[in-house]
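Quick notes on the structure that follows.
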Amino acid sequence: MNKTAKIALAVLTALILSSCGVVRVKNSPHYYAGAPKQEGYSPAGTVKEVYYGCSVPGPSYRRMIVYLPPGYDSFGSRRYPVMYLLHGARGHETSWIKKGRVFEITDSLYACGAAKPMILVLPNMNQYNSDIDMEASRLKDAFESFLEIDGKVESAFCRDVVSEIDSLFLTIPDKEHRAIAGLSIGAAQSAVISANVTDYFGSVGLLSPCFILAGKPSGYRSSTYGNFLDNLENQFAGSKPNYTIYIGKDDFLKATVDIYDRYLTRNGLEHEYVIMPGSHKWTMWREAYTDYLCKLFK
């Protein structure tokens with residue numbers, strides 16, 4: 001790689017990290033997930049913390065936040081579809097709560113009948129090496145968050161997360177009633193997970209997907225990300241997913257997402273490409289989440 005290319009890569013990496021809010025001042029204290037609350041708002045539904053065991057190397061357990069819709073009755077007969085919503089770089093399982101105002105948006109859509117009641121799952125998708133490294137779901141440093149993606153969490157997602165949710169809650173445990181979505185790196189993870197396990201997710205939402213992933217090489221990374229395009233075509237070969245991509249017109253990732261859109265179109269992979277006002281920021285992701293939720297399970 002020549003000097004110009006190295007400088008360009010460094011600049012691009014800095015843009016990605018800063019836009020995702022992942023740059024942290026050196027020696028600043030660690031951040032903890034804390035209680036799953038949205039400041040200034042009381043959810044209409046029920047918020048649950050779920051701790052579950054991990055089947056891949058790393059921490060022995062992880063935490064996810066589960067939001068049950070208003071009226072959910074643990075002893076009732078009604079079952080619900082499920083949406084898995086992934087965070088981006090230097091995020092964790094409460095990022096959508098604290099920054100995305102996900103409870104308020106979801107409740108507002110339920111109240112006016114614009115969205116179908118569903119179980120909302122917010123997992124932690126960071127790569128941690130051990131229980132000590134995880135440190136109570138700590139936020140990742142910039143280069144940890146962006147450069148250490150190794151495919152472990154993605155490879156175990158359905159086995160660890162989806163199976164746990166189906167065992168604990170009143171879900172409709174089939175492809176047509178499961179959706180997965182995420183922002184930035186979480187969108188790339190959503191794309192890869194849904195392509196690798198084609199019988200799990202009937203709806204996929206990619207919000208500002210960041211396909212520029214520079215994670216460390218590993219067997220998990222190779223098996224998880226190595227055959228993405230082939231797996232993607234298999235994903236669309238059978239029962240086609242409802243596949244929606246969102247990007248802000250001023251997002252610095254728009255050029256790469258345009259390329260992905262053209263690839264899908266050229267190969268006859270039916271999808272919706274939504275270009276919205278805004279950039280790689282929470283204001284755009286909140287709007288995209290609102291639009292996507294209104295389309296699910298109708």
Side-chain angles (χ1 to χ4, degrees), residues 17 20-22 24 27-37 47-67 82 84-100 102 119-169 180-194 196-197 200 210 213-226:
L17 298 176
C20 292
V22 302
R24 196 179 75 186
N27 296 326
S28 63
H30 285 301
Y31 296 86
Y32 296 86
K37 296 179 180 179
V47 181
K48 298 281 189 180
E49 293 181 271
V50 175
Y51 292 85
Y52 62 97
C54 303
S55 64
V56 291
S60 60
Y61 71 95
R62 286 176 180 269
R63 182 180 80 150
M64 54 185 163
I65 307 302
V66 179
Y67 186 48
V82 185
Y84 296 86
L85 185 61
L86 278 53
H87 59 80
R90 214 215 71 175
H92 50 41
E93 60 269 35
T94 69
S95 295
W96 270 101
I97 300 169
K98 295 179 177 179
K99 297 182 179 180
V102 70
I119 297 170
L120 178 64
V121 181
L122 307 170
N124 184 317
M125 296 300 293
N126 290 323
Q127 317 292 323
Y128 299 113
N129 296 318
S130 64
D131 291 341
I132 294 174
D133 181 43
M134 186 177 68
E135 197 179 14
S137 293
R138 70 176 176 90
L139 289 166
K140 301 284 282 187
D141 285 329
F143 288 97
E144 288 181 305
S145 195
F146 184 66
L147 300 176
E148 290 194 356
I149 292 174
D150 63 8
K152 289 191 187 76
V153 179
E154 298 90 328
S155 70
F157 187 85
C158 294
R159 184 170 61 250
D160 290 355
V161 176
V162 177
S163 63
E164 185 77 1
I165 293 298
D166 284 342
S167 71
L168 293 176
F169 301 102
I180 187 169
L183 69 88
S184 196
I185 288 176
Q189 291 174 314
S190 298
V192 168
I193 290 169
S194 64
N196 289 352
V197 285
Y200 266 78
C210 177
L213 301 175
K216 57 188 178 184
S218 71
Y220 283 101
R221 180 175 173 83
S222 177
S223 62
T224 301
Y225 286 90

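Numbers for residues simply follow the sequence, beginning at 1. Side chains are part of it too, since the values below use all heavy atoms of this structure and drop only hydrogens, waters and symmetry mates. All values derive from a computational prediction rather than experimental measurement.
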Legend entry - Check: Asp133 main-chain N/O paired with Ser130 side-chain donor or acceptor under 3.5 Å: yes

Legend entry - Cys54 backbone acceptor or donor facing Asp160 side chain under 3.5 Å: no

Legend entry - Asp131 (side chain) donor-acceptor with Ser60 (main chain) under 3.5 angstrom: yes

Legend entry - Shortest non-hydrogen contact from Ala89 toward Ile185: CB-CD1, 3.8 Å

Legend entry - Minimum heavy-atom distance between Cys158 and Ile193, given as atom pair plus value: SG-CG2, 4.5 Å

Legend entry - Side-chain heavy-atom pair Leu86, Glu154 within 4.5 angstrom cut-off: no

Legend entry - Closest heavy-atom pair and its distance - Pro57, Lys152: O-CD, 3.2 Å

Legend entry - Step-by-step side-chain contact (heavy atoms from CB on, under 4.5 Å) determination, Val50 to Phe169: CA-CA 11 Å; Val50 175; Phe169 301 102; 4.0 Å; yes

Inset, instruction - Check Ile65, Ile180, Val102 against Leu85 for a side-chain contact (heavy atoms from CB on, under 4.5 Å) and give me the one that passes. - result: Val102

Legend entry - Side-chain touch Arg159/Val56, heavy atoms, less than 4.5 angstrom: yes

Inset, instruction - Measure across Pro123 and Phe157 and return the closest heavy-atom pair with its distance rounded to 0.1 Å. - result: CG-CE1, 3.9 Å

Legend entry - side-chain contact (heavy atoms from CB on, under 4.5 Å) partner of Met64, the single match among Glu49, Glu164, Met125: Glu164

Inset, instruction - State which residues pass side-chain contact (heavy atoms from CB on, under 4.5 Å) with Val82; sequence neighbours excluded, sorted by chain then number. - result: Tyr84, Ile119, Val121, Ile165, Thr171

Inset, instruction - For residues Tyr52 and Arg62, determine if any side-chain heavy atom of one lies less than 4.5 Å from a side-chain heavy atom of the other. - result: yes

Legend entry - side-chain contact (heavy atoms from CB on, under 4.5 Å) between Tyr67 and Leu122, worked out: CA-CA 8 Å; Tyr67 186 48; Leu122 307 170; 6.0 Å; no

Legend entry - Chi angles and distances behind the side-chain contact (heavy atoms from CB on, under 4.5 Å) call for His87, Asn124: CA-CA 8 Å; His87 59 80; Asn124 184 317; 4.1 Å; yes

Legend entry - Donor-acceptor contact below 3.5 Å, side chain Asn126 vs main chain Gly91: yes

Inset, instruction - Write down the atom of Gly182, the atom of Ser190, and the distance for their closest heavy-atom approach. - result: N-OG, 3.4 Å

